[in-house]
Amino acid sequence: IASHIRISAGGPVPDYTHFHKIRFQMIFCVNGWIRVAYEDQGEPVLMEAGDCVLQPPQIRHRVLESGDGLEVVELGCPAEHETLADHTMPLPTGRLLPDKDFGGQRFVFHDASEADWHPWRFDGFEYRDIGIGRVTDGLAGVRVARPAGALATPRSSHDAEFVFGFVLSGTCRLDVDGRAPEEMVEGDTFVIPRGLAYALTDCTVDFQLLDVTLPEAVPTS
């Protein structure tokens with residue numbers, strides 16, 4: 001399940017300590033800011049535009065406050081999962097255990113201001129890696145991709161479980177077999193099924209895409 005969430009008026013958030021029985025869950029901050037406390041991860045995390053967290057299975061957490069105009073994208077798998085309260089654990093816990101294991105995964109906070117860029121799976125584009133593949137043993141990959149010399153991807157298909165795109169800025173044209181091309185603008189989303197050929201064309205130079213895949217490695221043809 002993917003959720004695009006907006007909070008127009010900021011301030012304290014009436015949340016409580018809770019956790020999810022889930023395989024994979026991440027939150028990407030699109031606009032604004034939000035403070036969240038996580039189990040054994042030190043002081044509350046301040047997420048700003050471009051930042052991202054991996055919430056590993058059953059990590060206790062609580063949203064504390066947000067700024068005006070908050071906008072986040074949250075993805076979880078499976079779509080239907082249990083959310084349970086924990087009224088016994090105060091957050092923050094006062095402990096910093098960055099290597100703590102939660103269901104075979106570790107917590108990740110990605111600070112966009114410190115990111116490095118690398119060649120993407122399509123020539124002429126580059127991406128900054130959120131670091132989620134490394135701590136999930138390749139279960140999922142989360143990246144922000146942008147043009148680096150090219151304005152279109154080659155036409156291809158994939159053999160991944162899941163390929164999701166959310167347009168963060170700029171525009172492009174989504175050209176999918178069997179459908180009329182569609183103009184994609186900021187805030188638009190697509191999911192490409194396995195084996196369906198597609199291309200991103202006419203990308204503007206300011207185009208940026210949130211790219212989420214299961215698994216991290218995406219076989220293409």
Side-chain angles (χ1 to χ4, degrees), residues 1-112 130-142 144 161-162 164 166 168 187 189 191 210 212-216:
I1 185 170
S3 303
H4 186 187
I5 303 164
R6 292 189 178 103
I7 298 178
S8 57
V13 176
D15 196 13
Y16 53 88
T17 300
H18 65 282
F19 62 95
H20 309 283
K21 292 187 176 180
I22 201 161
R23 177 186 176 207
F24 167 72
Q25 187 177 38
M26 54 145 286
I27 298 175
F28 185 94
C29 185
V30 178
N31 286 306
W33 62 268
I34 185 171
R35 277 202 320 129
V36 189
Y38 286 98
E39 176 185 350
D40 293 345
Q41 302 306 313
E43 292 301 309
V45 171
L46 174 63
M47 294 180 64
E48 299 177 292
D51 296 346
C52 184
V53 295
L54 172 72
Q55 293 185 168
Q58 301 194 43
I59 188 172
R60 273 59 172 172
H61 57 281
R62 181 165 68 94
V63 180
L64 302 176
E65 61 178 328
S66 75
D68 295 341
L70 173 69
E71 190 175 348
V72 300
V73 172
E74 178 179 327
L75 277 84
C77 174
E80 295 185 6
H81 56 268
E82 288 185 90
T83 295
L84 303 173
D86 185 338
H87 297 301
T88 64
M89 179 179 289
L91 291 178
T93 62
R95 297 184 294 269
L96 177 59
L97 303 173
D99 294 326
K100 184 171 181 177
D101 183 275
F102 297 91
Q105 301 177 24
R106 300 197 307 275
F107 174 79
V108 167
F109 168 59
H110 171 78
D111 184 342
I130 305 301
I132 287 176
R134 174 174 46 83
V135 300
T136 62
D137 196 24
L139 169 67
V142 182
V144 173
E161 176 182 345
F162 180 76
F164 167 95
F166 178 93
L168 295 168
T189 304
V191 174
L210 175 62
V212 183
T213 64
L214 274 71
E216 178 186 24

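Everything numeric in this text was worked out from a predicted model, so none of it was measured.
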- Measuring from Arg35:CZ to Glu48:CD, what's the distance to the nearest 0.5 Å? 12.0 Å
- Message: Does any part of the side chain of Leu214, heavy atoms only, come nearer than 4.5 Å to the side chain of Phe24, both counted from C-beta?
- Response: yes
- Message: Would Phe162 and Thr213 count as a side chain to side chain contact (heavy atoms under 4.5 Å, CB included) here? Give the steps.
- Response: CA-CA 5 Å; Phe162 180 76; Thr213 64; over 6 Å; no
- Query: What distance separates Leu91 CG from Tyr16 OH, expressed to the nearest 0.5 Å?
  - Reply: 13.0 Å
- Task: Answer whether the closest heavy-atom distance between the side chains of Arg106 and Asp99 falls below 4.5 Å.
- Result: yes
- Where Pro14 and Pro12 come nearest, the two heavy atoms and their spacing: CD-O, 3.9 Å
- Task: Mind listing the closest non-hydrogen atom pair of Val212 and Met26 along with its distance?
- Result: CG2-SD, 3.9 Å
- Item | salt bridge (Lys or Arg N to Asp or Glu O under 4.0 Å) assessment of Lys100 paired with Glu39 | CA-CA 10 Å; Lys100 184 171 181 177; Glu39 176 185 350; 3.0 Å; yes
- Taking the side chain as every heavy atom from C-beta outward, state whether Arg60 and Met89 have any atom pair closer than 4.5 Å. yes
- Measure from the ring center of His110 to the ring center of Phe28 and say whether it is less than 6.0 Å. no
- Query: So, for Gln55 and Ile27, which heavy atoms are closest and what is the spacing to 0.1 Å?
  - Reply: OE1-CD1, 3.3 Å
- Query: Are any non-hydrogen side-chain atoms of Val142 and Leu210 less than 4.5 angstrom apart?
  - Reply: yes
- Query: Does some side-chain heavy atom of Asn31 sit less than 4.5 Å from a side-chain heavy atom of Cys29?
  - Reply: no
- Task: Enter the distance from Leu84:CG to His20:NE2 here, rounded to the nearest 0.5 Å.
- Result: 9.5 Å
- Can you say whether the rings of Phe166 and Phe164 are parallel (under 30°), tilted (30 to 60°) or perpendicular (over 60°)? parallel
- Task: Go through the steps to decide whether Thr17 and Asp86 satisfy the test side chain to side chain donor-acceptor pair (under 3.5 Å), and finish with yes or no.
- Result: CA-CA 5 Å; Thr17 300; Asp86 185 338; over 6 Å; no
- Item | Chi angles and distances behind the side chain to side chain contact (heavy atoms under 4.5 Å, CB included) call for Gln41, Phe107 | CA-CA 8 Å; Gln41 302 306 313; Phe107 174 79; 3.5 Å; yes
- Gap between atom CD of Gln25 and atom SG of Cys77 - 0.5 Å precision: 10.5 Å
- What is the minimum heavy-atom distance between Leu46 and Asp51, and which atoms define it? O-OD2, 3.9 Å
- Ala2 backbone acceptor or donor facing His4 side chain under 3.5 Å: no
- Message: Could you check whether atom CG of Asp137 has more than 12 heavy atoms from other residues, nucleotides or ligands sitting under 6.0 Å from it?
- Response: no
- Task: For residues His18 and Asp15, determine if any side-chain heavy atom of one lies less than 4.5 Å from a side-chain heavy atom of the other.
- Result: yes
- Determine, step by step, whether Gln105 and Leu139 satisfy the side chain to side chain contact (heavy atoms under 4.5 Å, CB included) criterion, reporting the C-alpha distance in whole Å, the side-chain angles of both residues, the deciding distance to 0.1 Å, and the verdict. CA-CA 10 Å; Gln105 301 177 24; Leu139 169 67; 3.7 Å; yes
- Query: Under 4.5 Å between any side-chain heavy atoms of Ile34 and Glu65, yes or no?
  - Reply: no
- Message: For the CD atom of Glu71 and the OG atom of Ser8, what is their distance to the nearest 0.5 Å?
- Response: 11.5 Å
- Take Glu161 and Arg23, measure what salt bridge (Lys or Arg N to Asp or Glu O under 4.0 Å) needs, and give me the verdict at the end. CA-CA 14 Å; Glu161 176 182 345; Arg23 177 186 176 207; 3.0 Å; yes
- Which pair of non-hydrogen atoms, one from Ile59 and one from Phe19, has the smallest distance, and what is that distance? O-CB, 3.5 Å
- Note on the structure: Of all heavy-atom pairs linking Pro92 and Ala37, the shortest is N-CB, 4.2 Å
- Query: Got Ile22 and Pro78 here, is their nearest side-chain heavy-atom distance under 4.5 Å?
  - Reply: yes
- Query: Quick one: does Asp40's side chain have a donor or acceptor within less than 3.5 Å of a partner on Arg95's backbone?
  - Reply: no
- CG-CD1 distance between Leu70 and Ile5, expressed to the nearest 0.5 angstrom: 8.5 Å
- Taking it one step at a time, do Leu168 and Val30 satisfy side chain to side chain contact (heavy atoms under 4.5 Å, CB included)? CA-CA 7 Å; Leu168 295 168; Val30 178; 4.2 Å; yes
